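Structure first, then comments.
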Amino acid sequence: MFLGNREREMGTGAPGAVAGYDFSDRTAQISYCLPGSGQPETVSLVAGEEQFLIPALLARCAERDLWLFGKEAQESVEKGEAAAVTDLLERAVRRETVFLDGQPFDPVALLSLFLKRTLSLLNPILPLGRIRAFVFTVEEVTGPVIEALTQSISLLGLKGAKLYVIGRAESFFYYNISQPAELWVHDVLLCDFSGPCLKTFLFTLNRRTTPVAAFVEEASFPHVRRPEDAGSGEEDGRRRERLEKLDRYFADAVGQLVKDRTVSTVYLIGEGFQGEWYQESLKLLCQGRRVFLGNNLYSKGACYAAKERLSGSRLSADYAFLGRDMIRANVGMHVLRRGQDAYLALLDAGTNWYEAKKECEFLLEEENSFSLRITPLNGKEVREVLVSLNGLAKRPPRMTRIRMRVDMTDVSTVRINMEDLGFGEFYPATHQFWEETFSLA
């Protein structure tokens, strides 16, 4: 087939101010990076303090028809002055109508309201109109999550800002490669105690590939549960015994992870690491390793990801993240370009499935079909997928221009949309439309 004159990638960008937004059903957090600045900063709820976590809830005071968010909403609910709306992202994903005092509220609009109120914290530092890219990082990236966030952001009326959604593992990857190289010369372990139980992310590199392949192994430890404040009836001895047991569980968990590995750095994040209950575990972790405690790694990692998506760097070109949301095969087609055989890449392995998009135009060599080449990275054989345009009017070879859009519906399913553009006055466009899907597996 012959490649048309118009071929474009969808989603290009340029350098500018960026924001990273870590969002779960428990908390939200915002970091930002100004043009020319190498290091992201995180928005604090109190100036001069490191109060980065924003409770992820809204509250409505029906008597005053007033909406509150974050800590103010939390305090108002605790006093019985307002009705709370929690699980904002999950409700928007499920399209679950929220009822307060008998009144229905659209969950996407409520999520948008929360985003608007939290992002207003940025205004004194970085007006939203100056932000070129938002990267949201969430616990699990799915099509409905992307749709809910995209729709909610669109209600804010932002112009010129690109929206991306990544998982926390990918955020951890970008944070790592943006740190001094000595911190990640070997494996890096992240222990996350922001939820009810311990989660870990182990960053590893395969330096034998070009670019260097980076992986983040995720694990959960349901029996290592986040320590809660002691109830009024709990004796000091029993509480101490409970925390000592938790310390042993934590030490056993990280001991399994670092066994037979060389780990350069350990990050401890989440409210579960408040206090000094993990002293024995800390002794283990500090043996030949650097250990950092904090809670804004994900939002900063999202900032670094936003910078890379806008301008890129040699570092991100040298290291490729292959996470569970990444395409594991190249998709392309053979074309004639200026009379020469050429390969047109459509989807690249190592790209997030939900960001993988391509649009191009080409002339059909055959009457009503063409083929796509699938090249897996897992060693399986290269294969061809034949695409037939049933019902297309018969025309001579190279007399039918097709516009094709390619994207993914999930990590292993390719979707292609095709439109007949005809060939000028000789064969007018019918704008007939076809859609097909096929698996990369």
Side-chain angles (χ1 to χ4, degrees), residues 1-13 95 142-144 146-148 150-151 153-154 159-160 162-165 327-349 351-376 381-441:
M1 66 199 62
F2 285 73
L3 185 65
N5 293 325
R6 292 173 61 239
E7 171 192 337
R8 61 182 179 272
E9 291 282 354
M10 301 170 69
T12 59
R95 295 296 193 269
T142 64
I146 296 170
E147 184 180 358
T150 302
Q151 290 185 359
I153 283 288
S154 70
K159 296 181 180 179
K162 297 183 181 298
L163 172 66
Y164 305 92
V165 184
I327 302 174
R328 296 303 176 98
N330 293 314
V331 180
M333 58 199 303
H334 286 287
V335 298
L336 284 176
R337 186 184 273 128
R338 299 185 180 91
Q340 300 293 320
D341 288 333
Y343 175 80
L344 172 63
L346 297 172
L347 303 177
D348 294 327
T351 304
N352 278 316
W353 68 265
Y354 43 84
E355 293 179 351
K357 298 178 177 65
K358 180 80 170 186
E359 181 177 310
C360 65
E361 294 177 7
F362 57 89
L363 300 178
L364 278 180
E365 178 72 19
E366 305 294 335
E367 286 187 358
N368 67 344
S369 65
F370 61 93
S371 63
L372 300 179
R373 170 159 289 198
I374 314 301
T375 308
E381 291 186 0
V382 176
R383 61 189 176 94
E384 300 284 334
V385 174
L386 182 67
V387 180
S388 298
L389 305 178
N390 297 322
L392 177 64
K394 291 187 176 181
R395 298 167 186 155
R398 308 174 195 171
M399 288 292 177
T400 299
R401 183 178 294 274
I402 297 295
R403 176 183 293 144
M404 180 169 66
R405 297 181 179 87
V406 187
D407 64 0
M408 306 284 293
T409 60
D410 56 45
V411 73
S412 62
T413 306
V414 179
R415 174 174 56 190
I416 53 175
N417 292 299
M418 297 146 289
E419 181 183 1
D420 171 28
L421 300 182
F423 193 80
E425 296 180 356
F426 297 99
Y427 298 98
T430 65
H431 299 291
Q432 191 172 353
F433 188 82
W434 298 266
E435 179 173 303
E436 283 199 28
T437 61
F438 59 89
S439 174
L440 290 179

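Along the sequence shown, residues are numbered consecutively beginning with 1. Predicted, not measured: the structure shown is a model, and the values here were computed from it.
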In plain terms, say whether Glu436 and Arg415 are close enough for a salt bridge, that is, a side-chain N and a carboxylate O under 4.0 Å apart.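 Result for this pair is no, no salt bridge flagged.
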Should the pair Arg95-Glu147 be classified as a salt bridge under the 4.0 Å nitrogen-to-oxygen rule?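 Result for this pair is yes, salt bridge flagged.
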Is there side-chain contact between [X] and [Y], with heavy atoms separated by less than 4.5 Å?
X      : Y      : result
Leu372 : Phe438 : yes
Val411 : Ile327 : no
Glu419 : Asn417 : no
Trp434 : Gln432 : yes
Leu389 : Leu364 : yes

As a quick check of understanding, evaluate side chain to side chain contact (heavy atoms under 4.5 Å, CB included) for Arg328 and Leu440, giving each step before the final call. CA-CA 8 Å; Arg328 296 303 176 98; Leu440 290 179; over 6 Å; no
Please report the interatomic distance [atom1]([X]) to [atom2]([Y]), rounded to the nearest 0.5 Å.
X      : Y      : atom1 : atom2 : answer
Met333 : Lys358 : CE    : NZ    : 11.0 Å
Asn330 : Thr351 : CG    : OG1   : 8.5 Å
Leu163 : Ile146 : CG    : CD1   : 9.0 Å
Tyr164 : Asn352 : OH    : CG    : 11.5 Å
Thr437 : Met408 : OG1   : CE    : 10.5 Å
Asp348 : Leu346 : CG    : CG    : 9.0 Å

Identify the heavy atoms of Val406 and Met404 that sit nearest to each other, and give their distance.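 The answer is CG2-CG, 3.9 Å.
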Heavy atoms of Phe423 and Met399 approach each other most closely as CB-O, 3.2 Å
Indicate whether any N or O donor in one side chain lies under 3.5 Å from an N or O acceptor in the other, for Asp410 and Thr413. yes
Return yes if some donor-acceptor pair links the side-chain N/O of [X] with the main-chain N/O of [Y] below 3.5 Å, else return no.
X      : Y      : value
Tyr427 : Thr400 : no
Tyr354 : Val165 : yes
Trp353 : Ser412 : no
Ser439 : Ala441 : yes

Neighbour count >12 (heavy atoms, 6.0 Å) for atom CZ, Phe426: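 Open.
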Within a 6.0 Å radius of atom CD on Glu435, are there more than 12 heavy atoms belonging to other residues, nucleotides or ligands? yes
Only one of Arg395, Arg401, Arg403 clears salt bridge (Lys or Arg N to Asp or Glu O under 4.0 Å) with Asp420; which?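 It is Arg395; the other options fail the test.
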